[in-house]
Amino acid sequence: LVTTHPQSNTLHASLGPHMRLSEYTDYTLRVLMYCAAHRERLVTIAELAEHHRLSKNHLMKVVNDLAHRGLIETTRGRGGGLRLLAEPEAIRIGDVVRATETDFRLVECFDADTDACTLSPSCRLKHLFGEALRGYFKALDGATLADMTAGLPGPKGRPVGAPSGGNAAVTMSMPPTRRPARQTKTS
């Protein structure tokens, strides 16, 4: 959708829901950030659900996936909960997004198996969008969980540690997800 800004008469493009992360990725990042801000104790799913106003069932799926990936540790039973296993400086946001999103095809021609576009042999858009996607991940790979939680209220209202600057990140081995593809919510 392309619109004209009424005061400047310039064109503005809106990609709509296509550039949105799935709710699953959003919830995953929220869980990781909350756990990073509360490293000193176990966090419960009920606490996460109340804090973020999210469904416990949705959060249980996210927590289970994060535990299988080795990013959090869960403890069952009375007094149980979850905590971050890896250091926040070692968790790159790009790795988390790659592991939780199911499709990065910005345009049809990104998938040779389903590409039916007649412009593909000579079209330069695929290369432009590919470059944009690489830039997107370059930015996400330059940020760690520590960067995203620096200054957030932690225990007793004190800010969580200083940002790492994005250079100290260790690439996490994130196995591909086995979850089925999700539909993104459009409003």
Side-chain angles (χ1 to χ4, degrees), residues 1-5 10-37 52 54 58-59 61-62 65-66 68-72 84 86-117 119-152 160 162-187:
L1 174 66
V2 177
T3 59
T4 303
H5 189 274
T10 58
L11 293 177
H12 297 275
S14 170
L15 296 177
H18 301 289
M19 288 301 292
R20 290 182 56 174
L21 294 176
S22 67
E23 287 179 350
Y24 191 87
T25 300
D26 178 24
Y27 298 171
T28 299
L29 291 168
R30 290 188 207 193
V31 167
L32 289 171
M33 290 173 67
Y34 194 86
C35 288
H52 293 295
L54 300 173
H58 282 55
L59 288 172
K61 291 174 189 173
V62 168
D65 193 25
L66 288 170
H68 279 96
R69 293 177 188 284
L71 292 176
I72 63 170
L84 205 57
E87 292 298 317
E89 295 82 6
I91 300 173
R92 293 189 322 174
I93 301 301
D95 291 334
V96 174
V97 171
R98 279 185 195 89
T100 56
E101 287 295 313
T102 57
D103 186 3
F104 291 106
R105 292 175 302 157
L106 297 180
V107 287
E108 178 183 328
C109 57
F110 271 34
D111 186 350
D113 294 335
T114 61
D115 183 12
C117 179
L119 299 176
S120 288
S122 61
C123 183
R124 294 182 183 154
L125 277 176
K126 178 179 181 178
H127 301 290
L128 177 64
F129 286 131
E131 186 178 325
L133 190 59
R134 285 187 296 280
Y136 173 75
F137 278 112
K138 182 178 179 184
L140 294 179
D141 288 340
T144 67
L145 187 58
D147 297 324
M148 299 300 102
T149 56
L152 288 179
V160 176
S164 70
N167 295 329
V170 175
T171 304
M172 296 295 299
S173 173
M174 303 281 290
T177 184
R178 294 176 193 230
R179 292 177 296 96
R182 291 175 310 280
Q183 295 288 331
T184 57
K185 183 179 175 184
T186 57
S187 345

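These figures come from a predicted structure and were not determined experimentally.
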- Task: Quick one: closest heavy-atom pair of Leu145 and Leu32, and the distance?
- Result: CD2-O, 3.6 Å

- Message: Looking at every non-hydrogen atom in both residues, tell me the closest pair between Asp141 and Gly94 and how far apart they are.
- Response: OD1-CA, 3.2 Å

- Just one of Lys61, His68, Arg69 clears the side-chain hydrogen bond (donor to acceptor under 3.5 Å, both in side chains) bar with Asp65, so which one? Arg69

- Item | Note: Arg98-Asp95 ion pair, threshold 4.0 Å (strictly below) |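 Yes, Arg98 and Asp95 are salt-bridged.
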
- Query: Do Leu54 and Arg30 touch side chain to side chain, with heavy atoms closer than 4.5 Å?
  - Reply: yes

- Kindly indicate whether the side chain of Asp26, heavy atoms from C-beta on, has any atom under 4.5 Å from the side chain of Leu21.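 They are not in contact (no side-chain heavy atoms under 4.5 Å apart), so the answer is no.
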
- Note on the structure: Rounded to the nearest 0.5 angstrom, the CG-OG1 distance for Leu29 and Thr149 is 11.5 Å

- Query: In Å, rounded to the nearest 0.5 Å, how long is the span from CD1 of Ile72 to OG1 of Thr28?
  - Reply: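 Reported to 0.5 Å precision, the distance equals 9.5 Å.
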
- Please test Tyr136 against Phe104 for ring-ring contact (aromatic ring centres under 6.0 Å, His included), starting from the C-alpha separation and ending with a verdict. CA-CA 11 Å; Tyr136 173 75; Phe104 291 106; 7.1 Å; no

- Could you tell me whether a side-chain N or O of Asp147 sits under 3.5 Å from a main-chain N or O of Thr144, the two making a donor and an acceptor? yes

- Task: Without swapping roles, check the side chain of Glu101 against the backbone of Ser22 for a donor-acceptor pair under 3.5 Å.
- Result: yes

- Item | For His58, all residues meeting side chain to side chain donor-acceptor pair (under 3.5 Å), sequence neighbours excluded | Ser55

- Counterpart residues, side chain to side chain donor-acceptor pair (under 3.5 Å), relative to Tyr27 (two or more places apart): none

